[in-house]
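A quick write-up on the structure given underneath.
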Amino acid sequence: MMQVRPFDIMRDYNLVENWRVERGQAKLPREVFYTTTGVPPLGVVVEHEGLPTAAAWLYKDTAGVLCWMAWTVTRPCISPLLAARAIDTAEDFLETIAREEGYSLLVGMFKQDSLVKHFERRLGFTRCDTGKGHFMTTKDLTCPLPL
C-alpha cells in the first residue's frame, strides 16, 4: 500500500539526494527546497510498506494560476512497476492539492525522457518542449477529472 507523507528536509534530504546520485544526477542544494519567502514548497515522500520509494515537490506561483511539479525521483533498484506506482501516487496527491487551491495549470519539467513519456501516457500531461536539456509537460487543471 502506498502512503504519502510530507517531505522533512532534516529526515529526508540526504536520502533523496543520494537517490539522485545513484541515478547519475547531481545533488540539489538545500536552497532549492525553499521559496524566497522562506516557506518550503509542498514536498512529499511516497512510502510503500513503510519504505520511502519516491519524492516530488509542488511549487506555486503567487498569482494562484500556475504550479510546477519538480524534482521527481524514485528509489533506485526498485521495480519499474513500483516506481511508476509511486510516481503516480505523488502526482495524484500534488495535483489534488493544486486543484483544491484553484490552480489552473500544472507544469512538469523532467530531465529524463522516460518521465515525460510516463506523464504523457499515464497522467494526462501534454509535451510542449522537446529541446535538449529538460523536457516540459503541462496539464490543464480546469478540465474536470474523468469519472
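The residues of the chain are indexed from 1 along the displayed sequence. Being a predicted model, the structure only gives us computed values, none of them experimental.
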Between F7 and F33, does the ring centre distance come in under 6.0 Å? yes

Tell me, do [X] and [Y] make a side-chain contact under 4.5 Å, heavy atoms counted?
X   : Y    : result
V32 : Y59  : yes
E91 : L106 : yes
E95 : L58  : no

So if you build clusters from Ile, Leu, Val, Met, Phe, Trp, Tyr with side-chain heavy-atom gaps below 4.5 Å, do L15 and I9 land together? yes

Determine whether W57 and M10 fall in the same hydrophobic cluster, where Ile, Leu, Val, Met, Phe, Trp and Tyr are linked whenever their side-chain heavy atoms lie under 4.5 Å apart.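 Yes, it is one cluster - the side chains of W57 and M10 are joined through contacts under 4.5 Å.
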
With sequence neighbours excluded, what pairs up with [X] under the side chain to side chain contact (heavy atoms under 4.5 Å, CB included) test?
X    : value
E101 : K60, I97, Y103
A26  : none
E49  : none
A86  : M2, V46, T53, A54

Give me the atom names and distance for the closest heavy-atom approach of [X] to [Y].
X   : Y   : result
T72 : M69 : OG1-CE, 3.7 Å
V65 : D61 : N-OD1, 3.0 Å
V44 : A90 : CG2-CB, 4.2 Å

To the nearest 0.5 angstrom, please state how far the [atom1] atom of [X] sits from the [atom2] atom of [Y].
X    : Y   : atom1 : atom2 : result
T74  : H48 : OG1   : NE2   : 13.5 Å
R30  : N14 : CZ    : CG    : 6.0 Å
S104 : R99 : OG    : CZ    : 10.5 Å

Could you go through the side-chain contact (heavy atoms from CB on, under 4.5 Å) check for D92 and T96 one step at a time? CA-CA 6 Å; D92 184 54; T96 298; 4.1 Å; yes

Q3 atom CD, neighbour heavy-atom count above 12 within 6.0 Å: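 Open: at most 12 neighbouring heavy atoms sit under 6.0 Å from CD of Q3.
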
Could you pull out all residues at least two apart from R5 that satisfy salt bridge (Lys or Arg N to Asp or Glu O under 4.0 Å)?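 Applying salt bridge (Lys or Arg N to Asp or Glu O under 4.0 Å) to R5 gives D12, E47.
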
Residues forming a ring pair (Phe, Tyr, Trp, His ring centres under 6.0 Å) with W19, sequence neighbours excluded: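 Partners of W19 under the ring pair (Phe, Tyr, Trp, His ring centres under 6.0 Å) test: none.
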
Quick one, R75 with L51, criterion side-chain contact (heavy atoms from CB on, under 4.5 Å). Give me CA distance, side-chain angles, the key distance, then yes/no. CA-CA 10 Å; R75 174 183 288 279; L51 184 68; 3.6 Å; yes

Might you work through the side-chain contact (heavy atoms from CB on, under 4.5 Å) test for L28 and W71, ending with a clear yes or no? CA-CA 9 Å; L28 298 171; W71 316 122; 3.4 Å; yes

